[in-house]
Structure formats: structure tokens, C-alpha cells
Amino acid sequence: QVQLVESGGALVQAGGSLRLSCAASGRTLSRYGMGWFRQAPGKEREFVAANTWSGDYTAYADSVKGRFTISRDNAKSTVYLQMSSLKPEDTAVYSCAAVFGRPVSTPRLYSYWGQGTQVTVSS
């Protein structure tokens, strides 16, 4: 059982930066891969980034590569998504998720989800 809580969403201007946090709790967290996803109104949920607690795997969607950075603090059981050079098209509800084993990019394969945090990038 894993519990996830996102925070850090806000209204920012285009070109700005924002750091999202995902606080995780539960037993055997190291067995789970962590992912960030986003969903805009009327659109499918899409993969953003993923990593592992060991740091041996990191992946990004092409749309955010070079602008977003996923990281973690194992002592705090927290995964971060540092977002820079934000664009209006980045506007979405951002959610973190956990999948048993290796992280993947398909949302339906993730077992646990946070409640989501709203990121709005103004023009």
C-alpha cells in the first residue's frame, strides 16, 4: 500500500519556474517506480517523467525534455518535478503515481495515484 500527496501547483507566467513535490508513504517504497503525469481538460492523461528511488533510471517525455527535471529525496520519501521555461501548453493537473517494479510511461499500469495539483501557466 502506497499513499501519495502532491503539492506545489500554482499560477505562473509563461517562462517561469515551479517545483512540484510528491510525498510518498508506505512499506517497501523502494520496490516502486515513480512517475509524473499530467492531464488537461478534454485531453488524455500523458506521461511527463519517471524515476526510481535508487536513481538508476530516469525518463522524460519529449515535450518536457530539457525543461523539466525529476529528482528525489529518499530521506523524505519525496519525489520532485522541477519545471522551468513553462509554457501555456504545460497547463494541467499534475499527478504523481507509483508502479510496482520498473517505471513505465503508460498511466493505466500504475497502481497508486495522488490527488493531483493544478498548474496553470498564463500567457
Side-chain angles (χ1 to χ4, degrees):
Q1 185 176 351
V2 177
Q3 299 83 46
L4 305 171
V5 180
E6 304 96 334
S7 62
L11 171 65
V12 298
Q13 292 186 338
S17 299
L18 199 61
R19 190 192 199 191
L20 305 182
S21 299
C22 173
S25 62
R27 302 177 67 180
T28 63
L29 286 178
S30 63
R31 298 183 181 180
Y32 291 83
M34 303 298 297
W36 282 98
F37 296 83
R38 66 186 183 186
Q39 186 170 27
K43 301 184 69 175
E44 294 183 5
R45 191 185 302 273
E46 66 174 344
F47 171 77
V48 176
N51 69 352
T52 58
W53 296 103
S54 65
D56 63 352
Y57 178 85
T58 304
Y60 297 94
D62 289 342
S63 59
V64 306
K65 194 170 297 182
R67 299 188 298 121
F68 291 9
T69 301
I70 187 170
S71 62
R72 89 288 185 191
D73 185 334
N74 289 16
K76 298 180 179 180
S77 298
T78 300
V79 178
Y80 303 97
L81 185 68
Q82 177 66 51
M83 306 183 293
S84 300
S85 301
L86 284 163
K87 306 173 182 179
E89 50 262 47
D90 293 320
T91 295
V93 174
Y94 284 71
S95 301
C96 65
V99 60
F100 188 81
R102 183 179 177 227
V104 294
S105 62
T106 306
R108 66 179 178 85
L109 298 180
Y110 281 73
S111 301
Y112 303 98
W113 293 83
Q115 83 288 352
T117 186
Q118 177 70 47
V119 173
T120 302
V121 184
S122 64
S123 301

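Quick caveat, the model's predicted, so the values are computed rather than measured.
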From [X] atom [atom1] to [Y] atom [atom2], the distance as rounded to the nearest 0.5 Å:
X	Y	atom1	atom2	result
Leu81	Tyr94	CG	OH	7.5 Å
Thr91	Gln118	OG1	CD	7.5 Å
Gln3	Leu29	CD	CG	8.5 Å
Gln1	Thr28	CD	OG1	10.5 Å
Thr78	Leu20	OG1	CG	12.5 Å

**Request:** Would you check, one step at a time, whether the test side-chain contact (heavy atoms from CB on, under 4.5 Å) holds for Leu18 with Phe68?
**Result:** CA-CA 10 Å; Leu18 199 61; Phe68 291 9; over 6 Å; no
Say whether [X] and [Y] are linked into one hydrophobic cluster, either directly or through other cluster members, by side-chain heavy-atom distances under 4.5 angstrom.
X	Y	value
Tyr112	Val79	yes
Tyr80	Leu4	no
Val121	Val48	yes
Val2	Val99	no
Phe37	Val104	yes

Contact summary for [X] and [Y], nearest pair of heavy atoms:
X	Y	result
Ala59	Phe47	O-CZ, 3.9 Å
Pro103	Gly33	CG-CA, 3.6 Å
Ser63	Arg67	O-NH2, 3.0 Å

Check for a donor-acceptor pair, side chain of [X] on one end and backbone N or O of [Y] on the other, with a separation under 3.5 Å.
X	Y	answer
Glu46	Arg38	no
Arg72	Trp53	yes
Glu6	Cys96	yes
Gln115	Val5	no
Tyr57	Ala50	no

**Prompt:** Do Met83 and Asp90 touch side chain to side chain, with heavy atoms closer than 4.5 Å?
**Reply:** no
**Asked** Going through the checks in order, is the side-chain contact (heavy atoms from CB on, under 4.5 Å) test met by Tyr110 and Arg45?
**Response** CA-CA 12 Å; Tyr110 281 73; Arg45 191 185 302 273; over 6 Å; no
**Asked** Should Lys65 and Asp62 count as an ion pair when the cut-off is N to O under 4.0 Å?
**Response** yes
